[in-house]
Amino acid sequence: MFLLQGAILPNAFSIVLFKCLSQCGFWFGLLYGLCHKIKRVLNLRNGDSLAFNMMGHDGADGRMQFDPDRSRVRFFPPTDPLIPKKIHTMERITKRIGGRMFMSAFRNTVVHLLGGCNAGRNSKDSVANPSGQIFSPFRPYSTSRTSLCTGDQISDAADLDDNLVHDGLYVCDASLIPCAVGVNPSLTITTIAEHVARGLVDNATSYYSQKGFRSTGDRVTSVMKNSHESFNNINGENRIIMSGIGRAAGVRVWETLSGSVEGLPCRLEIVMDLGSAQSNHGILRGQVGGRFKMDALETGLLHIVDGTVDMCFSHTRTPFSQYMFYKLLLVSENGAMYEMLGKKEMKPFWLGLTALTESRTLELELNVVSNDLTRGTTRTTGYMTTMRGTVQISFINLLLSLISMKGPRKFDFVSSLLLSLFRTYFLSTSRLQPSFLENYGESQQYPQYTVHDMVTDDGARISCWRWPPSPKPNDVSKTDFSSSCVLLLNGYSGESYCLPTEDNDLVRTLLNSGYEVWLLHTRLHFSVCTNNPFSLDDIVRFDLPAAFAGMAELRSKVEPIHVVAHCIGGLIIHMALLGGYVPVSSVASLTCTNSSMFFDVTKLAMVKLFLPLIPVSLWFLGANSVICFSDNSPESWRHRLLKRALCLVPRLEKCTCKECDLFSGMFGNAFWHENVTERLHAWLSKEALVRLPVSGFRQLRQICMAGTVVGSNGEGKYMPYIGRLTLPTTYISGGRSLLVTPNTTERAHALMRHHHPEFNHTRHLVYGYGHSDLLIGEMAPRDVFPLILGGISKSAGAHSGSTSLSPHTIEIQRETWVIPPSQATAFLRSLKIYFLLTILVIVLFCIS
């Protein structure tokens, strides 16, 4: 039995050597081959060569012998009993098609070399065992030796063992196959290599565990061998104990989670041994084993060889929140190592409305790890981008986990976990001491600036802070012909650029890059706001034109400037440019964080805007429309009553600081607390969040309801002039939506690319950031500021006539409660109907 396979000879193949010289002798074959080649070049003969491979099983009796006298290897080929049948078959085929058969003078031509280190049962008739390990031959010159695995002395009697192998020496290619397989052996070789790799990982982990190395954490174990049996016997009576997991655990819990990482499906199966830690909530901490499956990353399973879990973790920046942290070290069957960090975040929001979703959802980060087992160290490599995603345990798997839970302390575990969740979601008590600092310590070496007070045409007072450029800029990439002036526009009432308590902020970053920095405080800012009513249109028509005119007069030159705006600052600069109040020629580039000509907010903020809180608040406050958050400031009973009402408004993150809670109750949380340092949070609460003008909320509410910039009366007088925005833009959004969704910058970026493709337009989505923490976050100088500087520097080639579009910065947008603007009308209509039906039911219940 043999296999006949057709083949094609490429043009580059040596026809003369293969078909002529090997069959007809040198001189005649050379002459015949040259004539054949000339005919092919002249197209007189084309495609007349048909190759056949005759594959079958040989006698498997070939030998390789080393000749020590001549230092050569002698090869004795195997016998092929099928040679006559193969030749007869080819002669029939050749006669049938009317051709001429050419056959190698050696008759047998090896296409795929197999064997050489044959696998077998012992060293007498083979070189390697079935796991690919090379057998250790008998050495008469040695009376004793030391085992590399155990360190024990082995006597001569042990040398007679035919199964001894060389530790750490493996063969995993085609040389293990002892005979011809009769077909193309590529898949066979691949299967053998994977089989050897699986055994290699098992042996390596066992070896380093016995030698006492702890390179993968507290232990390196052969979990891969037992994880399959552990998960296949969840409901069995005799459960396999996973090696390496603490044996003195109080409870064992199985979980199966599925989801996606970077949009690719994955599955995580873990087993947790909890209750071995001797500390508070020890039953909620322990060790983790299991496996991870992601076909797009590794074809086989990734086994957890080291892992820890803490189900009751708290942070001083977020003392009301509870975290479940998972830290896992994964090893694939081919030896690759990965570090997986998982986090479940549970926040006291609306009396546990999101408890079921948050407690079942695990956010993952996956990194490649390079390890040095000889030094006992591991480190994360920098050449692979962090992969992020989420996995979730279904309700059925959650029920199965509760049923299959084993251990003497399983009831303690369930009661401790439920008590912890009850404290988080319903009691909403702080787990740690408040991180509020009374002495936040402003920097004494903050760059000196000049304050320029200005008066607008309608009589309002605004101010501009000016920092001269640094004499020794660190950024040498800034060209001489680009603008050297940057104008910063703050959000609503707060401060995001000048942060004296931090080691670095955007003002100092721009100064170190050689730019002249201006910071504009409009009538929205807490330092200049008054009780006079105003709208955002007043800022657009009066404040911004006055600021641009004052800057040109103070600088004694007319030069386009770069504008960096945040939140409401981005709205008003877009409105001023679209409305023609600020000439586009005076702006060199525009960089906006979480803002654009669109303003899409989260669903929670939309609900707050739909309810008549803002109109009622403005009516209730009367003429005095400025809310003072400080306890020492004089205020009326109206203000005190409104502030008490604001404390009852639900928010995503609860804070120990009263000023921060009041500000988030008015509109929503402005930043994720875990991203902001404690001293900056204290400074913002005592120095920046002191006064809030409410007059601007009226038009802001209309803009949010419309999803785009509109006038104070709701008229769409800005967007028809989108053609005026002939300038380069950079839009930056946080990937972890908090107040404004990334759809705000996505729509603006697409609109600018469509209408003005001749300019540079860039958009970035930065993972882990919400709203204001894009500018005030602890890691913002590393993650966000380079994007802003890049947007400013790229404007030098904005008028080159070519479009330079950069891709989005990495990031996976977190799943959030977001409403698209296209569905805003339908959502509000449904909400109104639901509100009216609720009132009707209450009235009917009272009447009955």
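Each residue takes its place number in the sequence, starting with 1. Heavy atoms only: backbone and side chains are in, while hydrogens, waters and symmetry mates are out.
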Does R466 qualify as a cation-pi partner of Y449, given the criterion of NZ or CZ under 6.0 Å from the six-membered ring centre and within 45 degrees of its axis?
no
Show, in sequence, the C-alpha distance, side-chain angles and deciding distance for W465 and H452, and conclude whether the ring-ring contact (aromatic ring centres under 6.0 Å, His included) test is met.
CA-CA 6 Å; W465 293 7; H452 300 280; over 10 Å; no
Can you confirm whether the side chains of T745 and S596 place a donor and an acceptor under 3.5 Å from each other?
no
Salt bridge check: are D458 and R523 linked by an N-O gap of less than 4.0 Å?
yes
Report yes if some heavy atom in the side chain of L524 is under 4.5 Å from a heavy atom in the side chain of S493; otherwise report no.
no
Given side chains that start at C-beta, do those of I703 and T708 come closer than 4.5 Å, heavy atoms only?
no
With sequence neighbours left out, write down each residue that passes side-chain contact (heavy atoms from CB on, under 4.5 Å) with P447, or none if nothing qualifies.
W467, R508, L511
If you define the side chain from C-beta out and look only at heavy atoms, does anything of T762 sit under 4.5 Å from T729?
no
Are E345 and S321 close enough that a side-chain donor and a side-chain acceptor fall under 3.5 Å?
no
Can you confirm if the aromatic rings of Y581 and F542 lie within a centre distance of less than 6.0 Å?
no
Heavy atoms, side chains only, cut-off 4.5 Å: are F785 and L506 in contact?
yes
Contacts table for residues 776-783: side-chain donor-acceptor under 3.5 angstrom, sequence neighbours left out:
| from | atom 1 | to | atom 2 | distance (Å) |
| --- | --- | --- | --- | --- |
| E778 | OE1 | R317 | NH1 | 3.1 |
| E778 | OE1 | R317 | NH2 | 2.8 |
| D783 | OD2 | Y769 | OH | 2.7 |

Between N743 and T741: side-chain donor-acceptor atoms closer than 3.5 Å:
no
Can we call the ring centroids of H771 and W672 under 6.0 Å apart?
no
Would you say the side-chain atoms of E365 pair up with the backbone N or O of R388, donor to acceptor, closer than 3.5 Å?
no
Test: R701 cationic atom under 6.0 Å from F697 six-membered ring centre, within 45° of axis
no
Please tell me whether H562 and S589 have a donor and an acceptor in their side chains that are separated by less than 3.5 angstrom.
yes
Do N594 and T744 touch side chain to side chain, with heavy atoms closer than 4.5 Å?
no
Under a 4.5 Å cut-off applied to non-hydrogen side-chain atoms, are R747 and M597 in contact?
no
Looking only at the side chains, is there a donor atom on one of T726 and H756 sitting less than 3.5 Å from an acceptor on the other?
no
List the atom pairs, donor and acceptor, that lie under 3.5 Å between side-chain atoms in residues 710-718 and the rest of the protein, sequence neighbours left out.
| from | atom 1 | to | atom 2 | distance (Å) |
| --- | --- | --- | --- | --- |
| S712 | OG | D537 | OD2 | 3.4 |
| E715 | OE1 | N713 | N | 3.2 |
| Y718 | OH | D537 | OD1 | 2.6 |

